[in-house]
Number of protein chains: 2
Amino acid sequence: MPKEPREVVIVGGGVAGIFVLRNLFADKDKVPGGLHITLIKREKSGWISTCGLPFALRGWYELERTEIQKPGFYLEQGIDFRSESEVTKLNLDAKSVELKAGENLNYDYLVIATGRKQSVKETTLDGVFTFNDENDACKIEEALKTRNVQHAFVRGRGIIGLQSAVAFAERGIKTTILGGPPSLLPSSLDPDIGDIIKERLEKDGMRFILDRREITAIKGKADWVKSVVIGETAADKEEIPAEIVIIGKWMLPETDLAKAAGIAIGETGGIVTDRAMHVKRGRRSLTEVYALGDCVEVVDGITHRPKLNQMASTAVVQARVIGDNILSDILSQPRLYSTCEYCLSPTVADIGCGLLIGSVGLTTDAATRAGLKTISGKATKLVKARYFPGATSMTMKLIFDAFTLRLLGAQMVGEVCVAERVNEFEVAIRAGLTAAELRNMERSFDPSVAQLEDVTVDAAKKALESA
Amino acid sequence: MPKEPREVVIVGGGVAGIFVLRNLFADKDKVPGGLHITLIKREKSGWISTCGLPFALRGWYELERTEIQKPGFYLEQGIDFRSESEVTKLNLDAKSVELKAGENLNYDYLVIATGRKQSVKETTLDGVFTFNDENDACKIEEALKTRNVQHAFVRGRGIIGLQSAVAFAERGIKTTILGGPPSLLPSSLDPDIGDIIKERLEKDGMRFILDRREITAIKGKADWVKSVVIGETAADKEEIPAEIVIIGKWMLPETDLAKAAGIAIGETGGIVTDRAMHVKRGRRSLTEVYALGDCVEVVDGITHRPKLNQMASTAVVQARVIGDNILSDILSQPRLYSTCEYCLSPTVADIGCGLLIGSVGLTTDAATRAGLKTISGKATKLVKARYFPGATSMTMKLIFDAFTLRLLGAQMVGEVCVAERVNEFEVAIRAGLTAAELRNMERSFDPSVAQLEDVTVDAAKKALESA
């Protein structure tokens with residue numbers, strides 16, 4: 001008698017859900033009886049490159065290009081890809097999920113990839129948007145095309161806020177960013193590094209308001225936004241013209257379904273998983289229920305405390321681990337089993353003006369909050385000799401534990417190869433490299449692509465001198 | 001009574017000697033009584049960027065540009081910079097060196113940076129050159145400018161041979177490279193990776209002869225070379241036209257002075273040092289005599305066997321360590337003392353056609369010779385999504401220990417950020433990262449500069465599948 005196919009139900013079709021689907025699909029022929037994969041997502045789209053949306057707004061390509069695969073692509077391959085569909089309940093004991101449309105789907109393996117949600121309530125005024133997904137991007141693009149937008153206002157000084165502000169500024173729109181003190185991208189960059197970007201973007205006409213004021217009113221004219229009021233007291237108050245407003249504040253994990261099913265939620269508000277990405281109910285890991293992506297919390301690689309990372313790069317690794325473990329379980333092959341490492345939050349982002357920022361590990365502030373005493377060194381240098389093409393400048397800051405001198409974090413601003421350097425420092429943090437080791441490590445050299453003494457060496461030297 | 005300045009004598013003015021000088025000079029004000037630094041070099045020049053010479057031949061800039069500092073620059077700062085000068089004897093017991101000009105210089109610290117020498121005897125025929133230093137480069141440049149050079153012949157398939165061949169080919173000269181089997185750059189690249197470059201350069205008209213044949217005759221016309229004969233038997237023999245010939249064979253450490261002074265020479269022919277770069281006489285380290293650069297042997301980071309590395313990147317780290325240790329000794333401050341790590345030979349080289357090769361750790365062949373069984377994975381992928389500018393391709397090969405699955409070596413061919421990736425893998429080898437860890441490591445992501453699943457992940461996956 002032929003075996004029945006195994007049922008996998010994936011709830012959510014962002015990068016997290018899509019990558020679990022991709023990994024399982026690639027391995028489906030290894031499963032006797034086959035795999036039947038169902039993916040349920042609210043949106044109409046297939047696989048969207050969410051991280052690609054800001055570049056579409058910046059005009060690098062059409063918005064449609066961010067839909068890497070349409071639902072039809074998956075349907076043709078026999079995947080039960082259900083867009084514009086919603087799960088209303090997880091029945092963990094019965095191993096089934098209930099759909100809004102009334103249907104009940106049984107599963108052998110359940111994957112929760114419900115993503116995140118905006119932490120602010122929306123306004124009814126047109127022209128005020130969040131920027132979380134492709135629907136938001138479409139609305140923003142539409143507004144820019146049909147309205148005479150001359151002023152933009154962005155609430156949020158994180159990557160989403162900054163990248164949408166850059167898109168507006170590059171289109172010649174006078175743009176204001178409101179965020180808390182003291183500086184930009186505070187979860188990735190120390191103030192001295194964040195200020196480098198701020199000053200550069202100010203030169204291009206962007207305005208930053210980084211203080212404690214909040215939006216106190218959004219004013220409109222004929223249902224469309226025309227200005228934002230910040231501050232409460234007469235002295236504080238300011239009215240800033242804006243024909244478009246983006247609310248890019250911190251996102252919360254979307255955990256309503258998980259919570260209702262009794263799945264453990266951590267102190268950060270994200271779903272708790274073990275290293276294999278199984279969820280927990282009470283103290284027990286559920287070996288057939290996984291969660292990943294923006295809805296889960298991860299464990300920081302230095303402080304060993306839970307945190308929200310909410311980056312596509314994290315989700316992709318978690319998806320790999322989940323693919324491994326479902327296959328390992330079905331085939332009873334423990335050698336396929338795999339686990340996630342602690343998270344060091346390697347980050348790179350294009351923030352306009354040809355600049356990339358990079359960050360990994362702890363900022364000085366995060367280290368201090370974790371009770372670690374730090375020293376640091378900062379240097380700016382060309383990435384290769386001046387007379388070679390592409391000799392651009394890079395600023396690097398390295399943060400070390402003051403006692404062991406081990407690397408805790410690295411931050412940089414440059415024009416090229418920032419992602420690769422971030423990855424190097426991620427390995428260096430994992431390896432426990434010290435300032436002296438980083439300073440004395442041999443680095444590959446060819447004058448057309450590197451300096452004999454890299455900016456890393458200079459930064460490590462300065463840190464040692466301050467020790 | 002004011003203290004006498006300490007005397008440091010540096011023998012040799014290549015990158016190795018120059019960097020010791022630079023490091024000591026930067027620290028000279030920390031020394032009570034001061035430092036008196038003497039550098040003695042045979043050549044006329046100051047600080048030459050030897051690694052920059054091939055790019056000058058390729059026409060990226062004038063040859064003069066490779067002289068980063070002239071001797072006058074150092075003389076003006078009070079350094080006794082003696083170009084066109086030669087040391088004939090090291091008197092280690094008397095702590096002095098004898099100069100050819102007859103003078104005797106006393107030292108408190110001696111630094112031997114005598115470099116390397118060509119392993120082949122020269123021909124008397126004009127048009128046959130080695131390519132080791134700026135004098136060679138000048139002669140080659142002169143020949144190219146004044147002679148009607150239509151054919152070039154290069155003996156040597158290492159980086160020097162290849163980079164000079166690229167310079168000729170880029171000038172429209174029909175170029176032949178002769179080297180041993182089986183492939184290019186064998187100390188850095190496995191044959192399958194070396195062949196990628198070979199095929200690419202062949203498309204541009206370069207010819208490679210990679211077999212056991214040797215040069216059996218060099219023929220001339222009116223004292224200038226006109227052809228090279230390779231092979232011995234009638235079946236083997238071939239006469240190849242060449243109006244310029246480069247003999248770019250392996251260089252030997254220049255150790256005559258050290259040997260004559262009784263300093264220990266290792267099995268590779270290089271000077272033996274301890275981790276602090278002190279030389280040895282018998283079993284004893286001489287704490288006031290240092291050696292570095294192409295004349296010393298280093299210890300391989302994986303096999304723990306001595307080898308010759310002869311790269312500027314190695315010399316620069318050694319120079320840093322020597323600077324630290326001389327200062328530590330003078331000031332009696334042990335905390336300044338530093339040591340060199342094992343050498344993992346991180347390498348990057350521009351080899352024309354916009355291609356960079358990168359390598360670190362052991363090749364498959366080197367691992368096999370060291371008794372290690374390996375597995376490997378290879379992948380080719382765009383470095384970012386196709387619709388982003390600069391989405392070029394990268395081929396990567398990762399070599400792992402077959403038992404522990406720890407990374408032993410990495411090789412790559414690509415157009416961008418190769419140096420930075422080599423450095424990442426160097427840290428990964430040091431850290432003992434396994435194939436599974438590399439596959440599951442989070443990597444920084446932004447679609448404008450990276451893929452969600454990097455070529456590294458693909459290569460590690462393939463290696464695991466072969467395990």
Side-chain angles (χ1 to χ4, degrees), chain A residues 15 19 49 51-52 55 60-61 65 311-314 316-317 320-321 338-341 343-350 356 358 360 385 387-389 416-424 426-428 430-433 436-437 439-450 452-453 456-457, chain B residues 15 19 49 51-52 55 60-61 65 311-314 316-317 320-321 338-341 343-350 356 358 360 385 387-389 416-424 426-428 430-433 436-437 439-450 452-453 456-457:
Chain A
V15 166
F19 268 74
S49 165
C51 304
F55 296 93
W60 289 33
Y61 41 75
R65 193 140 227 182
M311 297 179 77
S313 49
T314 315
V316 168
V317 172
R320 212 170 286 148
V321 166
S338 85
T339 53
C340 278
E341 299 287 323
C343 181
L344 291 167
S345 302
T347 305
V348 61
D350 179 307
L356 296 163
V360 60
Y387 44 93
F388 280 94
V416 289
C417 303
V418 168
E420 293 75 10
R421 286 174 179 266
V422 166
N423 296 336
E424 178 199 336
E426 186 186 4
V427 184
R430 284 179 55 129
L433 247 61
E437 287 170 323
R439 170 179 173 272
N440 283 3
M441 190 186 89
E442 184 170 340
R443 303 180 69 83
S444 62
F445 173 68
D446 173 296
S448 69
V449 292
L452 259 175
E453 298 208 279
T456 304
V457 175
Chain B
V15 166
F19 268 74
S49 166
C51 303
F55 296 93
W60 289 33
Y61 40 74
R65 192 141 227 183
M311 297 179 77
S313 49
T314 315
V316 168
V317 172
R320 212 169 288 148
V321 166
S338 84
T339 54
C340 277
E341 298 288 324
C343 181
L344 290 167
S345 302
T347 305
V348 61
D350 179 307
L356 296 162
V360 59
Y387 45 93
F388 279 95
V416 288
C417 304
V418 168
E420 292 76 10
R421 286 173 179 267
V422 166
N423 296 336
E424 178 199 336
E426 187 187 4
V427 184
R430 284 179 55 130
L433 248 61
E437 287 171 324
R439 170 178 172 272
N440 285 2
M441 189 185 93
E442 184 170 339
R443 303 178 70 81
S444 62
F445 172 68
D446 173 296
S448 69
V449 292
L452 259 176
E453 297 208 277
T456 304
V457 175

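The candidate with the highest count of non-hydrogen atom pairs below 4.5 Å against chain A, out of B:Ala431, B:Ala385, B:Pro447, is B:Pro447. Options B:Val422, B:Asp350, B:Thr339 differ in how many heavy-atom pairs under 4.5 Å they form with chain A, and the most are formed by B:Asp350. Among B:Glu437, B:Glu420, B:Arg320, B:Glu424, the residue making the largest number of heavy-atom pairs under 4.5 Å with chain A is B:Arg320. Your options are B:Ala349, B:Pro389, B:Ala450, B:Gly52, and the one with the most heavy-atom pairs under 4.5 Å with chain A is B:Ala349.
The shortest side-chain heavy-atom distance between B:Val449 and A:Val348 falls under the 4.5 Å cut-off. At least one side-chain heavy atom of B:Phe388 sits under 4.5 Å from a side-chain heavy atom of A:Tyr61.
Applying the side chain to side chain contact (heavy atoms under 4.5 Å, CB included) test between A:Val316 and each of B:Glu442, B:Arg443, B:Glu453 identifies B:Glu453 as the sole match.
Neither the backbone nor the side chain of B:Thr456 comes within less than 4.5 Å of any heavy atom in chain A. Contacts of B:Arg430 with chain A are made by side-chain atoms alone, with heavy-atom separations under 4.5 Å and no backbone atom involved. Within the 4.5 angstrom heavy-atom criterion, atoms from both the backbone and the side chain of B:Leu452 approach chain A. Using a 4.5 Å cut-off between heavy atoms, B:Ala436 makes no contact with chain A at all. For B:Val360, no part lies under 4.5 angstrom from a heavy atom of chain A. For chain A, no part of B:Leu344 is nearby; none of its heavy atoms comes within less than 4.5 Å. With a 4.5 angstrom heavy-atom cutoff, B:Val418 does not touch chain A via any of its atoms. In this structure, the portion of B:Thr347 lying under 4.5 Å from any heavy atom of chain A is its backbone and not its side chain.
A donor-acceptor distance shorter than 3.5 angstrom exists from the side chain of A:Asn423 to the backbone of B:Ser444, with no hydrogens or angles considered.
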